Amino acid sequence: MIVKCRFISFTWEEGNTMMLNSQHQLTINYLLQYWEVKKLQEIQSFIVIIKHGFSGFAARLTKSQAKKIAGIWPESEAFNDKGLGPIPSRWKGHCQSSEKFDPAKACNRKLIGAKYYLKGFEAEAGRPAIKDPDFLKFELASPRDRDGHGTHTSSTAGGLFTPNASYQGLGYGTEDVPLLMAIDEAIHDGVDSFFISLGLEIPLYADVDMRNGIAFASFHAVIKGITVIGSGGNEGPYPQTVVNISPWILTVAASSIDRSFPTLITLGNNQTFSETGLSALHIQKALSLKIHGDELYLPFTRPVVQEVGGLGLIAAKNPTRALYYLASGFPSIEVNFDVGAQLLDYIRYSRKPQVKLSPATTHVGKPVSTHLASFSSRGPNSVAPAILKKFRTSLIQERPWQLLTFLALSRCSSPCTSPAAIKSALVTAAWLTDPHSGEPIIAKGNPNKIADPFDFGGGLVNANAAKDPGLVYDMGTFDYILYLCSKGYNNRAISMLIDQAAFCPIKRPSILEVNLPFVTIPSLKKTVTVTRTVANFGPVNSKYKAIIEPPLGITIKVHIVYMGRRQHDDIELITSAHHQILTFVLGSPEAARDSIIYSYKHGFSGFAATLTKSQAKKIAELPDVVHVIPNHLYKLHTTRSWDYLGLSTSSPPTNLLHEANMGDGVIIGVLDTGIWPESEAFNDKGLGPIPSKWKGHCQSGTDFDPAKACNKKLIGAKYFLKGFEAELGRQFLKNEFASPRDGNGHGTHTSSTAAGSFAPNASYHGLAYGTVRGGAPKARIAMYKVCWDSGVCNSADIIKGIDEAINDGVDVLSISIGLTTPQYADVDMRNGIAFASYHAVGRGITVVCSGGNEGPITQTVDDTSPWIITVAASSIDRSFPTLITLGNNRTFVGQSLYTGKETNFINIVYPERKCYCDKLNANDTWAAGNVVLCFLVQGDDLLLSTTQEVLQEVGGLGLIVAKNPTTDLNIYASDFPSIGVSFDVGAQLLDYIRYARKPQVKLSAPKTHVGIPVSTHIASFSSRGPNSVAPAILKPDIAAPGVNILAAVPPEETPYEFDSGTSMAAPHISGIAALLKSLHPHWSPAAIKSALVTTAWQTDPHSGEPIIAKGNTDKIADPFDFGGGLVNANGANDPGLVYDMGESDYVFNYLCPMGYNTSAISRITNRFVTCANKMPSILDFNLPSLTIPSLKKTVTVKRTVTNVGPVNSQYKAIIEPPLGITIKVMPETLIFNSSIEKISFTLTISTTHKYNTGYNFGSLTWTDGVHRVRSPISVRTEFPELAG
């Protein structure tokens, strides 16, 4: 029998604790009568008795995992009691005597209480080892701290002055039983506030579930006036990972401070870099580039390097300032990716690369600015999405105890202040910007972004302002019961938590009415009205006015007020009457003027104004008003990616698709895995003869007869295998064809996307039904098979393929292939695509490449050479909603590509001990006959295919995955029911599973939905900038659809399949480039790129909503996510101006300023090159964008534009400068005529920042009233942090 430990709770009234002990004993005796008494008699059942905050006991009845318990190191100077008065008289606690802890010596007027709670741990895991005299190696049965966590936290919260403190001269969890006992004792002892640096893992238990010990016990502390502070967790930057989310807890995020530890790296060529570290020794050589994974693995890298005799480690990674993992005697230093890339170039291309690391120094103040730590867990709240978490940001690591300093001070001045009032003061008074520099607070993550409430709640704690908040949003027990009822918890569960009978009304209150100091609306479908109550804590006679900053897209509704027929003909009097009505309702003439939009005064009397719902209601009640209606939008009454981009076959003749005759005459070369020529997507119906310029042919091979396979659509097909064979041997080609035939499917998919013919009645098992075609359906295709056996591509084969394509006469090259980070230099032949495509571009061939699928991690974008068009992946306005119906008839909507039929009601289970999807394995036979709910908090979506296989193997009947939502649904494409839902939906399903007697679920088949409310986003997998090889070159260049793209594949199960990736996005641009080439045959590749970048959309082309960059934390997309924006094909057809370039520009304005040696440049250019002694600035490279990676002082850059619009044109500049950046353009007006086709201009850029910043973004737009030629601008202010 497994002996387990259960906690049992009672409802009680304050009074006789002895009586409670007796009640507990009677209960355990009663229980033992019915259990296996003989097996339990040997066990001392009672573990702890809880009797102060609420009534209950813990007994040995259940098992759970055991972990360490933190304590305190009393001898630390931080706990001296110098200058302290007597212990507060209300204190009832004491210091507990135990091994290595003598209360007479350990405690004083600073440390007034110290207890330890071990019984729950012992009952679960046995007595900790205390055999070794060196007690630092084993745990102590006492309040003494072995781990260091408790000493660190308590000294941060209430430690006294400790002079001359430094680190080498440089500036776990517990169980419910001891936790409940500790909180219960703290309530009794008389604490004013306490902090808890512990938390559950996602998914969380409900607030009323006793397994959520912190929420359960802290409720009783809060209603007794004790402020409870909880750490928000260290699972960031993933969304919906914040813990300790009950509204009575003050939940804390982690921010940095203005301190850094710059360390000088000096290379053997005397080039220096100032980076961060905590080592004081010297590095001789070592380099590690980290793209994925947790930085906690880096401490395990160090011993390996040491073991093999290494002398140091340099880790290139997405930069953070959490440097504790670098703290050791072994030389270790962190650099960002672009510095890592420069170090790597030095190592690769120097004869004897060496490096020296100077001692780390401490730097405080400018230019270091505040950020949210990447590890800090993020909202939204996974249990109650309408409750904002986190509430507050504290400095340095995940350390809520720093707020105790403020709480202690506030208690001194306002001892009657409630915990809710203290929380309100902190939230409403917080800083939203760095308190010293005024810079926005950046949330570190993948990618970085300006922090929002899900990162830092109200903002960075401002203790002085919180002392005098003016107004507070106060709450008491009744308000928390309102919350519990609104959550749908049953009366019994609520009663158990609050220790008294609770009866929620039949019509549950709205959770939006809970009197919190914020409003979070997780699902706004229609107008809602919420109420808040504020209490005045400021001057008695006070008057406050509201200032509203509505979220983007959420506005105070425009209402139309109809007042009937005009009563007279005096127009001014009618207008005045409208203003008087608004003044009466809004309170002032100024507010009326700001509110009114139109005054209707000719056909009838009325006006349109921005009003809240309550204001509109007041106006409707006025006697002269006939009717008030909210404003409405109207629309015209009129497969998907090409229609979505505005290239519909039903579009007007002026559309690019028709003007370019669908790309007829243009040849697209595709480097990929081959092609399936029999696909209907490659039929040649309606095509004329093969273009006369074509020199290529179709190559025969295994299962590929050119006479049958090729036609007037597929005019060329070759394969290149020699490089692969030389490296790996042909034995690796198990499921391949030694021919252009596609054994993988990738090449067929990409080529049909770029230039496939019309193929009607296409779908994936009935989903996304319609006609499949390419972007240039009359363009011709030439396939160059260079990738083999599950997508392995050899550089030698790639270079040969491009070389053949140049000779054959292609116009566009589409390459959905790339290297991994770190990349090789542009001039390095190991970067085969960059090297060979340089020559293609020199011949006038436009080269389009996928940007990679390593997102959302920054600096991972691939194929970064400036002569390449690099493509990011976006979504389209199509989704596949899938209905989930619970046994209680409640329904939820997920997303899926499930191809089967609707299931019956099936039991649904959740593996409490294996809650994460990647933990399931073939031994989990309990899943047989059930639908399984699991959570994917971190990790790769690709792991889910293994989870599906495991479930099918053990007899599972379905899978529901709760994860950060994406629209990439490939992992759900099967006949096994698999559905993706968001974390908050997953949490609601979990509540149903945990608290229903027989939880069941029915899974429906998905439907195809197009249009509203689905909006555009950049896919989370899409690799991000900045460019790690050349930070001043913006990459990616452009975004195009790459999520759930339906296209042709080898017909194993179905002739069309969905696929996602930047591999799918690149052929969209290739197809559009073919259309542009057809209409503008003399445009250079640089001109085509410029036209695409400068005319792109930054908002959804249909809704006008901002394009969102999906990631661990979503944000509005910026140039490092999508370059110029989402491709606008019709706009690119008529760009007005272009930023053109030729081969000499690439050589002298890019390769030379990059610092490549002349022999390497001569090798790529095939001619001798001598760079100028005074090198031009890479910032003057004539790109349609401007990226300044390190702005220290004012710089002036030059650009030249070429007029490709009307001959006589005049353009004016519109500048949207990045935050804190000043930009001046000269001249401000460009005038073109028959003799002036090109004009140069300069931009003078300076910074007003005094601190280091991340990148800020803006734009320069030239407009003649018809064309808008927009160039994205990205600027990072960066000052040296070196200490003298």
Side-chain angles (χ1 to χ4, degrees), residues 826 834 837-838 841-842 844 846-847 864-870 1025-1027 1029-1038 1076 1080 1082-1096 1119 1123-1124 1132 1135-1156 1161 1164-1165 1169 1171-1172 1174-1189 1195-1205 1209 1211 1213 1215 1223-1227 1230 1232 1236-1245 1258-1262 1267-1275:
D826 306 275
S837 65
Y838 174 87
V841 170
T846 299
V847 180
T864 59
S865 298
W867 44 85
I868 294 172
I869 300 176
T870 309
N1027 184 333
V1029 174
I1033 307 300
L1034 177 63
K1035 289 291 174 173
D1037 296 297
I1038 195 75
L1076 294 174
H1080 308 284
H1082 301 297
W1083 278 11
S1084 70
I1088 290 175
K1089 178 198 283 189
S1090 175
L1092 292 168
V1093 171
T1094 60
T1095 60
L1137 306 176
V1138 296
Y1139 294 80
D1140 207 359
M1141 287 192 288
E1143 186 177 6
S1144 63
D1145 296 282
Y1146 295 122
V1147 174
F1148 298 108
N1149 292 322
Y1150 173 70
L1151 295 174
C1152 285
M1154 276 293 290
Y1156 299 132
I1161 297 174
I1164 191 174
T1165 60
V1169 171
C1171 295
K1174 186 179 179 181
M1175 209 75 73
S1177 169
I1178 198 171
L1179 299 180
D1180 289 330
F1181 190 38
N1182 202 44
L1183 291 167
S1185 58
L1186 174 62
T1187 305
I1188 304 178
V1195 298
T1196 299
V1197 301
K1198 179 184 176 183
R1199 290 290 186 273
T1200 300
V1201 288
T1202 302
N1203 183 21
V1204 295
S1209 303
Y1211 286 81
I1215 296 174
I1223 300 178
K1224 294 181 180 179
V1225 60
M1226 288 294 292
L1230 307 178
F1232 298 91
I1236 301 176
E1237 186 183 8
K1238 295 177 182 285
I1239 297 178
S1240 296
F1241 62 89
T1242 61
L1243 294 167
T1244 301
I1245 303 108
S1259 64
L1260 164 68
T1261 303
W1262 292 104
H1267 306 90
R1268 291 180 61 84
V1269 189
R1270 182 185 181 276
S1271 294
I1273 297 175
S1274 313
V1275 181

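Please read these numbers as outputs of a predicted model, since none were measured by experiment. One-based numbering along the sequence shown.
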With the side chain counted from C-beta on, respond yes when [X] and [Y] share a heavy-atom pair under 4.5 Å apart, and no when they do not.
X       : Y       : value
Tyr838  : Val1147 : yes
Val1201 : Tyr1211 : no
Ile1088 : His1080 : no
Tyr1156 : Ile1164 : no

message = Assess the residue pair Val841 and Tyr1146 against the criterion (side-chain contact (heavy atoms from CB on, under 4.5 Å)); give the C-alpha distance rounded to whole Å, side-chain angles, the decisive distance to 0.1 Å, and a yes or no.
response = CA-CA 10 Å; Val841 170; Tyr1146 295 122; 4.1 Å; yes
Please name the pair of heavy atoms, one in [X] and one in [Y], separated by the smallest distance, quoted to 0.1 Å.
X       : Y       : answer
Ser1271 : Thr1094 : OG-CG2, 4.3 Å
Phe1232 : Leu1230 : CE1-CB, 3.8 Å
Tyr1139 : Leu1183 : CD2-O, 3.7 Å
Pro1135 : Ala1132 : CD-O, 3.3 Å
Ala1091 : Thr1095 : O-OG1, 2.6 Å
Val1138 : Ser1090 : CA-OG, 3.4 Å

Rounded to the nearest 0.5 Å, how far does [atom2] of [Y] lie from [atom1] of [X]?
X       : Y       : atom1 : atom2 : result
Leu1137 : Arg1268 : CG    : CZ    : 13.0 Å
Thr1202 : Lys1238 : OG1   : NZ    : 3.0 Å
Ser837  : Ile869  : OG    : CD1   : 11.0 Å
Arg1199 : Phe1181 : CZ    : CZ    : 9.0 Å
Lys1089 : Ser1185 : NZ    : OG    : 8.0 Å

request  = Decide yes or no on side-chain contact (heavy atoms from CB on, under 4.5 Å) for Ile1033 and Thr864, but give the supporting numbers first.
outcome  = CA-CA 8 Å; Ile1033 307 300; Thr864 59; over 6 Å; no
inquiry  = Which residue in the set Asp1180, Asp826, Asp1145 passes side chain to side chain donor-acceptor pair (under 3.5 Å) when paired with Tyr1150?
reply    = Asp826
key: Chi angles and distances behind the side-chain contact (heavy atoms from CB on, under 4.5 Å) call for Leu1092, Leu1076   = CA-CA 10 Å; Leu1092 292 168; Leu1076 294 174; 4.1 Å; yes
request  = Check whether any side-chain N or O of Trp867 sits under 3.5 Å from a backbone N or O of Ala834 as a donor-acceptor pair, and report yes or no.
outcome  = yes
query = Between Ser1084 (side chain) and Ala1087 (backbone), is there a donor-acceptor pair under 3.5 Å?
reply = yes
What pairs with [X] under side chain to side chain contact (heavy atoms under 4.5 Å, CB included), at least two apart in sequence or on another chain?
X       : result
Ala1032 : Ile1178, Leu1179, Pro1189
Pro1119 : Leu1034, Phe1257, Pro1272, Ser1274
Leu1243 : Leu1186, Val1197, Ile1223, Val1225, Phe1241, Ile1245, Leu1260

ask   = Between Thr1200 and Asn1182, is any side-chain donor less than 3.5 angstrom from a side-chain acceptor?
value = no
query = Any luck finding a side-chain donor-acceptor pair between Thr870 and Lys1035 under 3.5 Å?
reply = yes
task = Let me see the working for Asp1140 and Trp1083 under side-chain contact (heavy atoms from CB on, under 4.5 Å), right down to the final yes or no.
result = CA-CA 9 Å; Asp1140 207 359; Trp1083 278 11; over 6 Å; no
